[in-house]
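All ligand and atom numbering here is 1-based and tracks the order in the structure.
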Amino acid sequence: MNKNSSSPRTLGILGGGQLGLMLLPAAREFGLLVAMLDPAADAPCAHLADRFAVGNLMDYDTVMAFGRSVDLVTIEIEHVNVKALADLAREGKTVYPTAPHLKTIQNKCWQKEFYRENNIPTADFFIFSQKPAFAEIDFPLPFVHKLATGGYDGRGVNIIRTREDWTSVPDQPGLIEAFVPNAKEISVMVARNPSGQVSCFPAVEMEFHPTANLVEFLFCPSTLTAAQAHRAEEIARKTAEAFAQVGIMAVEMFLTAGGDLLVNECAPRPHNSGHQTIEGNITSQYQQHIRAILDLDLGNTDLISPSVMVNLLGEEGYAGPARYQGLDEVKKIPGVFVHLYGKAETRPFRKMGHVTILGETVEAAREKAIFVKQTLKVVS
Ligand code: ADP
């Protein structure tokens with residue numbers, strides 16, 4: 001693809017969910033037409049993309065046909081057929097992230113091995129193809145069990161606190177990892193373009209919902225010291241370079257009680273932990289992704305304002321057509337930006353939207369965020 005070409009180019013995005021929804025306007029800013037493929041006919045982007053196709057992202061022929069119909073292929077979800085991506089690239093199609101990068105990411109065991117091989121700090125682990133007997137495990141309790149594939153948003157991750165907990169672990173390929181106690185969970189969004197330019201967004205800090213295992217609050221800037229923030233960016237940069245990544249990637253890390261940073265996992269696409277960049281930073285993670293895959297200079301990632309992001313999850317006890325309680329009230333507050341994903345149906349803990357709250361300080365934004373959480377509810 002010629003980056004100076006003025007003819008309309010079609011970007012093909014695998015997935016048409018909420019991340020695609022926010023990628024769309026960024027792609028259009030750069031003059032791209034957008035085609036999307038998603039298994040759900042009522043996906044958030046179904047009526048918004050220039051071209052929307054319904055199809056299985058794991059199906060080789062479907063992904064091949066879709067990829068051949070566009071000029072450039074990217075993803076908004078990593079569960080896609082990588083063999084098709086590899087073959088599209090072989091045919092000369094531009095595909096970012098690349099198939100080998102994505103293949104490593106799709107399997108938690110391969111991801112951890114990659115960190116070890118590339119001297120990227122990560123919690124100690126061992127990998128197995130068959131579930132070992134409890135007596136064979138050389139890690140003190142508690143430890144963490146992760147399935148190699150099939151888990152997301154905390155499903156497929158089990159904290160093993162007792163011998164009894166181990167009995168319910170399925171006999172499937174997976175890994176055991178040292179438990180990182182009292183860690184702060186942070187994320188650095190990092191972008192790299194094919195020319196090798198790398199740029200990080202300031203680290204954000206996450207606070208998890210105690211039962212849903214989804215991010216409840218996200219703070220930017222984080223409470224990391226300047227030295228820790230610098231180290232986090234160094235690790236994110238090293239990770240991006242090791243993967244020869246192209247596009248935006250979330251590098252999720254633990255800050256241990258002793259002050260060490262360990263990579264937990266990466267997602268080579270726009271990510272929940274970068275939503276607040278739309279209003280909070282000069283360039284958004286979505287714009288940065290488009291710049292990166294077009295091999296344009298990466299944008300300035302400086303903060304415009306401290307921010308807090310809250311996920312808008314379906315309220316417990318409600319399933320059915322979604323209604324938004326308290327929307328008018330929260331939308332009146334200066335610095336509050338509500339993003340609804342346009343999903344018709346709500347269910348407990350379903351991600352229905354997010355809200356970014358800007359404030360003069362993170363504390364001021366947090367106070368507004370608590371009010372938003374108490375006021376805005378997704379019910380049916
Ligand atoms: P997923 O891919 O489903 O998001 P993660 O590997 O990110 O799974 O794990 C989900 C959550 O489980 C993490 O955000 C963290 O809260 C907890 N967790 C994962 N690994 C560890 C660990 N080694 N020590 C302590 N907590 C962990």
### Task
Evaluate the ring-ring contact (aromatic ring centres under 6.0 Å, His included) criterion for residues Phe143 and Trp166: first the C-alpha distance (whole Å), next the side-chain angles of each, then the deciding distance (0.1 Å), finally the verdict.
CA-CA 10 Å; Phe143 57 78; Trp166 186 246; 5.8 Å; yes
### Query
Which residues satisfy the side-chain hydrogen bond (donor to acceptor under 3.5 Å, both in side chains) test with Tyr96, sequence neighbours excluded?
none
#### Entry: Test side-chain hydrogen bond (donor to acceptor under 3.5 Å, both in side chains) applied to Ser187 - qualifying residues, sequence neighbours left out
Ser273
### Query
For ligand 1, which atoms have a heavy atom of Asn264 less than 4.0 angstrom away?
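Here the atoms of ligand 1 in question are 5 (P), 6 (O), 7 (O).
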### Query
With a cut-off of 4.0 Å, which atoms of ligand 1 are near a heavy atom of Glu177?
20 (N), 21 (C), 22 (C), 23 (N)
### Task
Please confirm whether Phe254 comes under 4.0 Å of ligand 1, counting heavy atoms of the residue only.
yes
### Message
As a check for students: among Lys108, Lys146, Glu185, identify the option with a heavy atom nearest to atom 8 (O) of ligand 1.
### Response
Lys108
### Message
Determine whether the aromatic ring centres of residues Phe114 and Phe243 are separated by less than 6.0 angstrom.
### Response
yes
### Message
Heavy-atom pairs closer than 4.0 Å: do any link ligand 1 to the side chain of Ala178, the backbone, both, or neither?
### Response
backbone
### Within reach of ligand 1, part of Val144 (heavy-atom separation under 4.0 Å)
side chain
### Query
Salt bridge check: are Arg116 and Asp124 linked by an N-O gap of less than 4.0 Å?
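Yes, Arg116 and Asp124 are salt-bridged.
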